[in-house]
Every structure is written in structure tokens, then in C-alpha cells.
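Okay, structure first, notes after.
Side chains are part of it too, since the values below use all heavy atoms of this structure and drop only hydrogens, waters and symmetry mates. All chains are named by letter (A, B, ...) in the order of the sequence lines, taking the proteins before the strands, and each is independently numbered beginning at 1.
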Number of protein chains: 2
Amino acid sequence: MADNGSGAAPSGRRKRADARRNEVTLLDAAAAAFVAAGVDVPVRDIAARAGVGVGTIYRHFPTRADLIVAVYRHQVEACAEAGPALLADGGTPHAALARWIDLFVDFLVTKHGLAEALQSDDAAFQSLHAYFIDRLVPVCGQLLDAAAAAGEIRPDIGAYELLRGVGNLCVGAGGNPRYDARRLVELLIAGLRLH
Amino acid sequence: MADNGSGAAPSGRRKRADARRNEVTLLDAAAAAFVAAGVDVPVRDIAARAGVGVGTIYRHFPTRADLIVAVYRHQVEACAEAGPALLADGGTPHAALARWIDLFVDFLVTKHGLAEALQSDDAAFQSLHAYFIDRLVPVCGQLLDAAAAAGEIRPDIGAYELLRGVGNLCVGAGGNPRYDARRLVELLIAGLRLH
DNA sequence: CACGATACGGAACGTTGTTCCGTTTGCCAA
DNA sequence: TTGGCAAACGGAACAACGTTCCGTATCGTG
């Protein structure tokens, strides 16, 4: 899983050494740029930071979304894996759900502009959207099902809808002291509860 | 209030006839363009629709936000005025709040891209943001205070925060059948309730 | 070492928002 | 009525951005 470059190995061909080197350089530069200027940072800035041309970025990451996914893949995986773990941890399913959502919110609000990008219907972000959906909706669904089966929450809400709502609440949550996304998400989860 | 063009009369000077004519043409064209292509429709498209040059738009409406505000001012006013009316209508304050929020949600979800623009931290949308805040936060605060005074809701949530959360939930609510902003807002309001 | 495939750099293109200025036009006074 | 000037207009021009493209450089292999 970590011999070739990028994600899936097309067949058996090994990438050129400079290409593999540039890929990690690019990931580092992008991560730094995202922290410094948000995920909307101009592609040229990332290229400059990495000391490469913009063409190199697009060869490695056909869309901006692919770059974002690559940068955050580890953290998304960690979040996804935390779902079943929380469920098994002993508390009520609703508590597990609340804690998992908290993890998700923490992730989103610390990545400047990521929540915005996630909700954008721009075609360029489609693969970002798809990745988050594919990876996190099943996990959320599992938590939701468990809580519903335990009779703790109303059963008429879908995992996609909830996750998207939570993501939406995190939009613009950076820095503004008058807007605390966490509290609103808490309210939303509270509203899910039966009685 | 309707003798001069635009909003506030600078001093006593009457605008030229063609300028006044162009202003209403522009408002009509913008309204139509917003419906057809969302509030992010390119300025050039609006200009073409109105049969004027882009310069004319910028003279009348220095920023895109000013144009949006002008187009929707009537509806925002109506929403603002509905707040006290609902409160006086006899139901519980919480019911009045819920119905008012519903009005706000209806307004937002039917204006393609408006919710997104509202949350954008782009400097160009600052005056849009400011107008909505100025006009609606006090109304929402009044409803919130009444409900809190009646002991129906937890008192630790601000009007700005709530309105912004609701606005956020409306982002991307157009057309997607798997995402029903209204239901999530309902959940949020339910979560506000004590017990 | 030579040569083909691979990858690179950055110029160039298309799309936007916004500004600027030469030209036109409405309005008022003479 | 007409002359002149401030107001308003149109759209070319600029800047910032994402994305594509292709001539050039480099790697790895025979």
C-alpha cells in the first residue's frame, strides 16, 4: 500500500523516482498551505511552496479535490475507524454517536475552508464530496442504527442528511467568537433524541 | 421614500431619468438572473440581460452584495415584520419562533445560492451579511427572549448564532432530494427546547 | 551510453470580478 | 431653443484564478 506512489497502483509499473519525490513534497507543501491560507489557497501558491510548476500538481492530482483528499486521507480514516470503536466502548449508542460527531466537527473546524469545500456543488469538488460520503456515511449510519435500535433517537433521519447538516453547521466556524459550531451541532444531536 | 432612486437620498439631488430607469431595469434583470442561475450569476450576464454595460451595474451597486440586498430587500423586510406578528398571534413563543424560522428557511431555500453567499467570508459580501444581521437578528432575539422568558427553551443561545446556524443548514438545499434542510432546522429548534 | 518513456515547468487560455476612461445624454440656464 | 456641463453610459482593459498544453529535461533500462 506504500510502495508505489499515490493511491491505487494502476497495474505493476513503478513511478519514476523524481515523481515519487515530488508527490510527497507536494503533499507537504499543500498541507502547509492549507493551514496557512485555507484549502482554497491558489494552486500557484502551493506550486511555489513546493518549488514545482503548476503542471506538476495537475499531473499528480487531476483536481484540487484529489489533492485535498490525499492530504487529509489519514485523518478521515482515523475518524471512520473511531466509529465502531466508540460503539464498542460501553456507553449508550447515543453517547457514542455524540462523541463521534464531535470528532468529525473537530476535524472540520480545524481545517480552514474544508467545510465550505465539502458543501460546494462545484464539479471540481465532486471527488472530495464522494470520498467523505463513501467513507463516513456508512460509519454514521451504523451509529445511527444502533441508537435507533436502542430507542434513543427518532429513526427518520438518514446518515447522509445528518452528516451533511453537521458539515454545514461547521461552515465559517473558524475564528468567529460569536459562532460556536460545536454548540449548534450539540443542539442538533439533542433534537434527534426522543423525549 | 420612493421619489429618488435607490435607497437613501444623499442630500436633495434628483438622479437623472435614465439612471432611475436603468436602476429598475437592472433590478428586474438581476432578479430574473438570480432565479435562472443563482445569485452567483456572472455580472456580465446580468448586464447583458438588462442591455447595459457592466460599468453601469457597478455605478448603481458598488458591490454584488448591494445588488442582492436591493433585489431581496422587500422579502427580508416582510420576514422581519412577521416576527412580532407571530408573537402576538396567540400561540406559545416557541411555536412563534418555530414558524418564524420556517419563514426564514423558506426564503433562503428558494433563493438559489443565497445561503452560500450569506455565509461567505468574502469581503464582497460583507454588506449582504451586515444587512441580514441588522434586520433579522433583533427580530430573532425578540422571539428567543420571549421563549426563554416562558421557560420553553434553554437561554444560552444567541440570536446571531441561531440564525447563522439555520442559514448554514440551508446551504446546498436546492434540488438535492437526500438533503432536507427544513427537517434539520426542525431538529435544531427541537434541540433548543427544555425537556 | 543511448534512447524512449516519463515527468517537468511555465506559458497560454478561458472565466470571472472590478476599474477606468472616452463618449453619449439628460437637464438646466441663458 | 439651444449651448454647455455634470451625470451616466458602454465596454475595453486589468488582475486573479483554475486548467490545459507542449517543448524541454530527466530517469531508467537495454
Side-chain angles (χ1 to χ4, degrees), chain A residues 4-6 9-27 29-30 33-34 37-68 113 116-117 120-128, chain B residues 3-6 9-26 29-30 33-34 37-68 113 116-117 120-128:
Chain A
N4 209 329
S6 197
S11 43
R13 200 40 164 255
R14 189 185 177 79
K15 281 168 83 171
R16 249 170 59 173
D18 54 346
R20 258 173 305 148
R21 216 179 321 130
N22 266 327
E23 188 167 320
V24 317
T25 305
L26 232 29
L27 281 174
F34 289 170
V39 297
D40 312 305
V41 62
V43 178
R44 283 167 177 79
D45 289 4
I46 304 176
R49 218 181 252 265
V52 304
V54 290
T56 301
I57 292 192
Y58 281 95
R59 195 163 323 95
H60 285 280
F61 307 99
T63 74
R64 167 188 287 278
D66 294 322
L67 180 55
I68 299 177
E116 287 84 341
S120 162
D121 55 357
D122 190 334
F125 289 110
Q126 205 160 347
S127 85
L128 179 69
Chain B
D3 55 330
N4 209 330
S6 197
S11 44
R13 200 41 165 255
R14 189 186 174 77
K15 281 168 84 171
R16 253 170 58 172
D18 55 345
R20 259 173 304 147
R21 215 178 323 129
N22 267 327
E23 189 167 320
V24 317
T25 304
L26 231 30
F34 288 170
V39 298
D40 312 307
V41 62
V43 178
R44 281 168 179 76
D45 290 3
I46 304 176
R49 218 180 252 265
V52 304
V54 291
T56 301
I57 293 193
Y58 281 96
R59 195 162 324 96
H60 284 281
F61 306 99
T63 75
R64 171 189 218 82
D66 294 322
L67 179 55
I68 299 176
E116 286 83 343
S120 162
D121 56 357
D122 189 333
F125 289 111
Q126 205 161 347
S127 85
L128 179 68

Problem - Set of side-chain contact (heavy atoms from CB on, under 4.5 Å) partners for A/V43, sequence neighbours left out - result: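 Expected list: A/V54, A/I57, A/Y58, A/R64.
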Practice task
Could you pull out all residues at least two apart from A/A19 that satisfy side-chain contact (heavy atoms from CB on, under 4.5 Å)?
Solution key: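 Here the qualifying residues are A/K15, A/R16, A/H60.
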Problem - Which residues share a side-chain hydrogen bond (donor to acceptor under 3.5 Å, both in side chains) with B/T56, sequence neighbours left out - result: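 Counting only residues at least two positions away or on another chain, B/T56 forms no side-chain hydrogen bond (donor to acceptor under 3.5 Å, both in side chains).
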Handout entry: Under the side-chain hydrogen bond (donor to acceptor under 3.5 Å, both in side chains) test, residues paired with B/T25 that sit two or more places apart
Key =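 Per chain and number, B/T25 pairs via side-chain hydrogen bond (donor to acceptor under 3.5 Å, both in side chains) with no residue.
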To the nearest Å, how far apart are [X] [atom1] and [N] [atom2]?
{"X": "B/R16", "N": "D/dC5", "atom1": "CZ", "atom2": "P", "value": "15 Å"}
{"X": "A/N22", "N": "D/dC27", "atom1": "CG", "atom2": "C1'", "value": "13 Å"}
{"X": "B/I57", "N": "C/dT19", "atom1": "CD1", "atom2": "P", "value": "13 Å"}
{"X": "A/R14", "N": "D/dG28", "atom1": "CZ", "atom2": "P", "value": "9 Å"}
{"X": "A/R64", "N": "D/dG18", "atom1": "CZ", "atom2": "C1'", "value": "8 Å"}
{"X": "B/K15", "N": "D/dC9", "atom1": "NZ", "atom2": "P", "value": "8 Å"}
{"X": "B/D18", "N": "D/dA7", "atom1": "CG", "atom2": "C1'", "value": "8 Å"}
{"X": "A/Y58", "N": "D/dT19", "atom1": "OH", "atom2": "P", "value": "4 Å"}

Practice task
Please work out which residues in residues 37-51 of chain A have a non-hydrogen atom less than 4.0 Å from an atom of DNA chain C and list them by number.
Solution key: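 Result for residues 37-51 of chain A: A/R44, A/G51, sorted by number.
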Handout entry: Atom pair CD/CG of B/E116 and A/D121 - distance to nearest 0.5 Å
Key =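 If we round to the nearest 0.5 Å, B/E116:CD and A/D121:CG are 7.0 Å apart.
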Handout entry: Which residues share a salt bridge (charged side-chain N to carboxylate O under 4.0 Å, His left out) with A/D40, sequence neighbours left out
Key =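 Partners of A/D40 by the salt bridge (charged side-chain N to carboxylate O under 4.0 Å, His left out) criterion come out as none, since no residue qualifies.
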Practice task
Return no unless some side-chain N or O of A/T56 is found under 4.0 Å from OP1 or OP2 of C/dG9.
Solution key: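 Affirmative; the distance criterion is met.
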Practice task
Return no unless some side-chain N or O of B/H60 is found under 4.0 Å from OP1 or OP2 of D/dC9.
Solution key: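 B/H60 to D/dC9 OP1/OP2: side-chain N or O found under 4.0 Å.
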Exercise for the section: Select from B/V54 and A/V52 the residue whose nearest nucleotide in DNA chain C is closer to the 5' end of that strand. Expected result: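 Here A/V52 is the residue nearer the 5' end.
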Exercise for the section: Might you work through the side chain to side chain contact (heavy atoms under 4.5 Å, CB included) test for B/R21 and B/D18, ending with a clear yes or no? Expected result: CA-CA 5 Å; B/R21 215 178 323 129; B/D18 55 345; 3.7 Å; yes
Practice task
By nearest nucleotide on DNA chain D, pick out whichever of B/G53 and A/P62 is the more 5' one.
Solution key: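 Between the two, 5'-proximity favours B/G53.
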